[in-house]
Visitor: 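Take this structure, written in structure tokens, and hold onto it; I'll ask about it next.
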Amino acid sequence: MAEIRFENVSKIFQKSVKAVKDIDLEIKDKEFVVLVGPSGCGKSTILRMIAGLEEISEGNLYIDNKLVNNLPPKDRNIAIVFQNYALYPHMTAYENLAFGLKIKKMDKKSIQARVMKAASILEIEELLDRKPRAMSGGQNQRVAIGRAIVREPKVFLFDEPLSNLDANLRVQMRIEIAKLHKRLDATVVYVTHDQVEAMTLGDRIVVLDKGKIQQIDTPSNLYANPANFFVAGFIGTPPMNFIYGKVIKSDNGIRFTDNSQIFEVNLSSDHSLKNYIGKEVILGIRSEDIYNQMNESEKGFTVLDCKIEFIEKLGHEIYAYFQIGEQQIISRLKPDVEIRKGSMINLFFDIGKMYFFDKLSGENL
């Protein structure tokens, strides 16, 4: 069993800088949990506290229901894979894999068995005689992961392991890490700033900002039901569109009007915004929920005549950029749409797919 539990954990650095604030988090045995957020949000600090490389300032950390606040890293049975591989340059891949086991004074036969098993899992048998400088970045990363595997730890920690790789190799290594998790049947805590990595790898995702947890959920729920403005803007590619405005009373119910008074959305009198009349809110809508056409029988759309300012043709889809007041908006259109820069086009906003956020708190309304 390898459950991890944070109870009101904080990390305070010198000059009273609180890098991690009151973290409550439970990671289940054999779960793949991804910590994601912008630079400086505290995700790597949380990982280092699990590893024992960073002291806990406040609160308690448990592994397998055992309090580990003061337990040395060597006694936690945890392996960590770093961003920069951290391989010994003068050693071969085999020697790098075997080094930690030699330090533990394991016998040669057992060391060889573990190294060859890890090499087989990662398909790096032919690299075992090479030194790091004779291998590619992806090959070095596989060796670094192998060095973690040979220890047979309770928990694997990954600290942005793919950030030094090119785009194509990152995709390949994501697939390999996902396969590895299933094969090892182990608990994995994975840190990244890349929300695509988070969405494709995690059983659950922990979204962090400024040292605090913003939301913990499955990838699909994070995308469909963001808890607040930050999560909505961070999760999704391209990011969610935001339109700033306020709620006003109308003849048939209530209405959202943007600050430029270009864009309006009529809402029913029993809409969740009924208690926000006269208040400023932020409307959010994803690019795929803005269409260039609709069926005559369909209802629940707001239409806007837009001037297209920029187009990105990606082959399988088109990103069309336009303005609503000071806000740039992106619509994701089908590849067969006839459209050009500077042209006018009617775009249909799906009212049922709109989100509204409190401007002050950021809370999803």
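No experiment lies behind these values; they were computed from the predicted model shown.
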Visitor: Output side-chain donor-acceptor pairs under 3.5 Å for residues 326-347, partner residues at least two apart or in another chain, one line each.
Guide:
unit_1 : atom_1 : unit_2 : atom_2 : d
Ser331 : OG     : Ile290 : O      : 2.8
Arg332 : NH2    : Thr237 : O      : 2.4
Ser343 : OG     : Arg340 : O      : 2.6

Visitor: Using the rule that two of Ile, Leu, Val, Met, Phe, Trp, Tyr join whenever any of their side-chain heavy atoms come within less than 4.5 Å, decide whether Leu157 and Leu162 are in one cluster.
Guide: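 Different hydrophobic clusters.
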Visitor: Any side-chain heavy atom of Ile285 within less than 4.5 Å of one from Phe349?
Guide: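 Heavy-atom side-chain distance check passes, below 4.5 Å.
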Visitor: Taking Lys11 for its side chain and Glu55 for its backbone only, find out whether a donor-acceptor pair lies under 3.5 Å.
Guide: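 Present.
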Visitor: Quick check on Glu126: does its CD atom have over 12 non-hydrogen neighbours (other residues, nucleotides or ligands) under 6.0 Å away?
Guide: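 More than 12 heavy atoms, drawn from other residues, nucleotides or ligands, come within 6.0 Å of this atom.
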Visitor: In terms of heavy-atom contacts, does OH of Tyr88 have more than 12 from other residues, nucleotides or ligands at under 6.0 Å?
Guide: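 At most 12 heavy atoms, drawn from other residues, nucleotides or ligands, come within 6.0 Å of this atom.
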Visitor: Indicate yes or no for a side-chain donor-acceptor contact from His316 to the backbone of Leu314 under 3.5 Å, with no hydrogens or angles considered.
Guide: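 Yes, because the side chain of His316 sits within donor-acceptor range (under 3.5 Å) of the backbone of Leu314.
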Visitor: Charged N to carboxylate O under 4.0 angstrom, Lys154 versus Asp64?
Guide: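 Yes.
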Visitor: So, does Asp29 use its side chain to make a donor-acceptor pair with the main chain of Ala2 at under 3.5 Å?
Guide: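 Flag set: sc Asp29 to bb Ala2 pair under 3.5 Å.
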Visitor: Answer yes if Met240 and Val265 sit in the same cluster of Ile, Leu, Val, Met, Phe, Trp and Tyr residues linked by side chain heavy atoms under 4.5 Å apart, and no otherwise.
Guide: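 Per the 4.5 Å side-chain linkage, Met240 and Val265 are not co-clustered.
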Visitor: Are Leu47 and Phe82 grouped together when hydrophobic residues (ILVMFWY) are joined by side-chain heavy atoms under 4.5 angstrom apart?
Guide: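 Yes, Leu47 connects to Phe82 through the hydrophobic network.
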Visitor: Between the side chains of Tyr321 and Glu312, is a donor N or O closer than 3.5 angstrom to an acceptor N or O?
Guide: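 Short answer, yes.
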Visitor: Gly59 and Asn69: which non-hydrogen atoms are nearest, and at how many Å?
Guide: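 Where Gly59 meets Asn69 most closely, the heavy atoms are O-ND2, 2.9 Å.
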Visitor: Could you check whether Lys359 makes a cation-pi contact with Phe357, meaning its NZ or CZ is under 6.0 Å from the centre of the six-membered ring and within 45° of the ring axis?
Guide: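 The answer is no, since Lys359 fails at least one limit relative to Phe357.
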Visitor: Taking the side chain as C-beta and beyond, is there a heavy-atom pair between Phe6 and Asp24 under 4.5 Å?
Guide: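 They are not in contact (no side-chain heavy atoms under 4.5 Å apart), so the answer is no.
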Visitor: Apply side-chain hydrogen bond (donor to acceptor under 3.5 Å, both in side chains) to Ser163 and Gln83, showing your working.
Guide: CA-CA 7 Å; Ser163 58; Gln83 175 181 346; 3.0 Å; yes
Visitor: For the residue pair Tyr190 / Glu197, report whether a side-chain donor-acceptor contact shorter than 3.5 Å exists.
Guide: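 Result is yes, a qualifying pair exists.
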Visitor: Would a hydrophobic clustering, with Ile, Leu, Val, Met, Phe, Trp and Tyr connected at side-chain separations under 4.5 Å, put Leu267 with Tyr244?
Guide: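 No, Leu267 does not connect to Tyr244 through the hydrophobic network.
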Visitor: Look only at the side chain of Lys43 and the backbone of Pro38, and say whether a donor-acceptor pair between them is shorter than 3.5 Å.
Guide: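 Answer holds: yes.
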Visitor: Do any N or O atoms from the side chain of Asn364 and from the backbone of Pro226 form a donor-acceptor pair under 3.5 angstrom?
Guide: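 Confirmed, Asn364 side chain pairs with Pro226 backbone.
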Visitor: Please check this pair: side chain of Lys353 against backbone of Asp289, looking for a donor-acceptor N/O pair closer than 3.5 Å.
Guide: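 Such a contact is absent between Lys353 side chain and Asp289 backbone.
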Visitor: Measure across Asn275 and Lys279 and return the closest heavy-atom pair with its distance rounded to 0.1 Å.
Guide: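 In this case the closest contact between Asn275 and Lys279 is O-NZ, 4.0 Å.
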Visitor: Before you tell me yes or no, could you show the steps for Glu26 and Ile4 under side chain to side chain contact (heavy atoms under 4.5 Å, CB included), namely the whole-Å CA-CA distance, both residues' side-chain angles and the distance that decides it to 0.1 Å?
Guide: CA-CA 6 Å; Glu26 186 172 337; Ile4 301 169; over 6 Å; no
Visitor: Less than 4.5 Å apart, any side-chain heavy atom of Phe229 and any of Tyr355?
Guide: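 In short, these two side chains do not touch, never coming nearer than 4.5 Å.
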Visitor: Just so I know, are the side chains of Phe310 and Tyr319 near enough to count as touching, which here means a heavy-atom distance under 4.5 Å?
Guide: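 Contact flag for Phe310/Tyr319 side chains = no.
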Visitor: With a 3.5 Å cut-off and no angle check, do the side chains of Asp129 and Thr92 form a donor-acceptor pair?
Guide: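 Their side chains do not contain a donor-acceptor pair, so the 3.5 Å distance test is not met.
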Visitor: Taking atom CD of Gln172 and atom CG of Leu165, what is their separation to the nearest 0.5 Å?
Guide: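 Going from CD on Gln172 over to CG on Leu165, the span is 9.5 Å.
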Visitor: Using a 3.5 Å distance criterion without hydrogens, assess whether the side chain of Ser110 forms a donor-acceptor pair with backbone atoms of Met106.
Guide: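 Between the backbone of Met106 and the side chain of Ser110 there is no qualifying donor-acceptor contact (under 3.5 Å).
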Visitor: Can you measure from CD (Glu7) to CD1 (Ile23) and round to the nearest 0.5 angstrom?
Guide: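 One gets 13.0 Å once the value is rounded to the nearest 0.5 Å.
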Visitor: So, Asp194 and Thr192: side-chain donor and acceptor under 3.5 Å apart, yes or no?
Guide: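 The criterion, which ignores hydrogens and geometry beyond distance, is not satisfied for Thr192 and Asp194.
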Visitor: What do you reckon, is CG of Asp107 surrounded by more than 12 foreign heavy atoms closer than 6.0 Å?
Guide: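 Check passes, neighbour count above 12.
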Visitor: From Met173 CE over to Asp166 CG, what is the distance, rounded to the nearest 0.5 angstrom?
Guide: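 Reported to 0.5 Å precision, the distance equals 11.5 Å.
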Visitor: Do Leu365 and Tyr276 pass the side chain to side chain contact (heavy atoms under 4.5 Å, CB included) test, and can you show the C-alpha distance, the side-chain angles, and the key distance before you say yes or no?
Guide: CA-CA 10 Å; Leu365 303 175; Tyr276 278 77; 3.1 Å; yes
Visitor: Quick one: closest heavy-atom pair of Met49 and Leu61, and the distance?
Guide: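 Taking Met49 first and Leu61 second, the nearest heavy atoms are O-CD2, 3.4 Å.
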Visitor: Looking at Ser10 and Asp22, what are the two nearest heavy atoms and their distance?
Guide: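 So the two residues come closest at OG-N, 2.9 Å.
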Visitor: Kindly say whether Ile78 contributes a backbone atom to a donor-acceptor pair with the side chain of Arg151 at under 3.5 angstrom?
Guide: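 Answer holds: yes.
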Visitor: Do Leu128 and Leu97 have side chains that approach each other closer than 4.5 Å (heavy atoms only, starting at C-beta)?
Guide: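 Side chain of Leu128 against side chain of Leu97, heavy atoms only: contact under 4.5 Å found.
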Visitor: So if you build clusters from Ile, Leu, Val, Met, Phe, Trp, Tyr with side-chain heavy-atom gaps below 4.5 Å, do Val196 and Val34 land together?
Guide: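 No: no chain of side-chain contacts under 4.5 Å links Val196 to Val34.
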Visitor: Is the shortest side-chain heavy-atom distance between Lys18 and Glu58 below 4.5 Å?
Guide: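 Yes, close enough: below the 4.5 Å cut-off.
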Visitor: Please find the pair of heavy atoms, one from Leu87 and one from Pro132, that lie closest to each other, and give the distance.
Guide: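 Between these two residues, the closest heavy atoms are CB-CG, 4.0 Å.
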Visitor: Give, for atom CG of Leu122 and atom CZ of Arg183, the distance between the pair rounded to the nearest 0.5 Å.
Guide: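 Here the rounded value is 8.5 Å.
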Visitor: Does some side-chain heavy atom of Val188 sit less than 4.5 Å from a side-chain heavy atom of Leu201?
Guide: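 The answer is no, as the side chains (C-beta and beyond) never meet within the 4.5 Å cut-off.
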Visitor: Between Phe156 and His181, is the gap from one ring center to the other below 6.0 Å?
Guide: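 So the answer is no for these two rings.
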Visitor: Return yes if a side-chain donor-acceptor contact under 3.5 Å exists between Arg5 and Asn65, otherwise no.
Guide: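 Yes - a donor-acceptor pair under 3.5 Å links their side chains.
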Visitor: Please report the interatomic distance OG(Ser136) to CG(Leu127), rounded to the nearest 0.5 Å.
Guide: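 Answer rounded to 0.5 Å: 8.0 Å.
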Visitor: Test side chain to side chain contact (heavy atoms under 4.5 Å, CB included) on Phe158 and Ile145; report intermediate values, then the result.
Guide: CA-CA 9 Å; Phe158 290 85; Ile145 294 171; 4.0 Å; yes
Visitor: Walk me through whether Met199 and Tyr223 qualify under side chain to side chain contact (heavy atoms under 4.5 Å, CB included).
Guide: CA-CA 9 Å; Met199 295 289 281; Tyr223 191 82; 4.0 Å; yes
Visitor: Between Gln195 and Gly236 (side chain of the first, backbone of the second, donor and acceptor by atom type, cut-off under 3.5 Å), is there such a pair?
Guide: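 Indeed, once roles are kept as given, a pair shorter than 3.5 Å links the two residues.
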Visitor: Do we see a donor-acceptor contact under 3.5 Å between the side chains of Ser260 and Asp258?
Guide: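 Yes, a side-chain donor-acceptor pair sits under 3.5 Å.
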Visitor: Please name the pair of heavy atoms, one in Ala98 and one in Ile111, separated by the smallest distance, quoted to 0.1 Å.
Guide: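 Looking at all heavy atoms of both residues, the closest pair is CB-CG2, 3.6 Å.
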Visitor: Check the pair Asn228 / Gln215 against side-chain hydrogen bond (donor to acceptor under 3.5 Å, both in side chains), numbers first and verdict last.
Guide: CA-CA 8 Å; Asn228 55 41; Gln215 189 170 352; over 6 Å; no
Visitor: Rounded at 0.5 Å granularity, tell me how far OG1 in Thr187 sits from CD1 in Ile63.
Guide: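 Going from the OG1 atom of Thr187 to the CD1 atom of Ile63 covers 10.0 Å.
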Visitor: So, the side chain of Glu31 versus the backbone of Arg204: is there a donor-acceptor pair under 3.5 Å, distance only?
Guide: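 Between the backbone of Arg204 and the side chain of Glu31 there is no qualifying donor-acceptor contact (under 3.5 Å).
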Visitor: Would you say that Met91 contacts Phe99 through its side chain, given a criterion of any heavy-atom pair below 4.5 Å between the two side chains?
Guide: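 Heavy-atom side-chain distance check passes, below 4.5 Å.
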Visitor: Looking at the rings of Tyr291 and Phe301, which for Trp means the six-membered one, are their centres under 6.0 Å apart?
Guide: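 So the answer is yes for these two rings.
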Visitor: State plainly whether the residues Glu3 and Lys28 are in salt-bridge range, i.e. N to O under 4.0 Å.
Guide: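 Looking at Glu3 and Lys28, the cut-off is not met.
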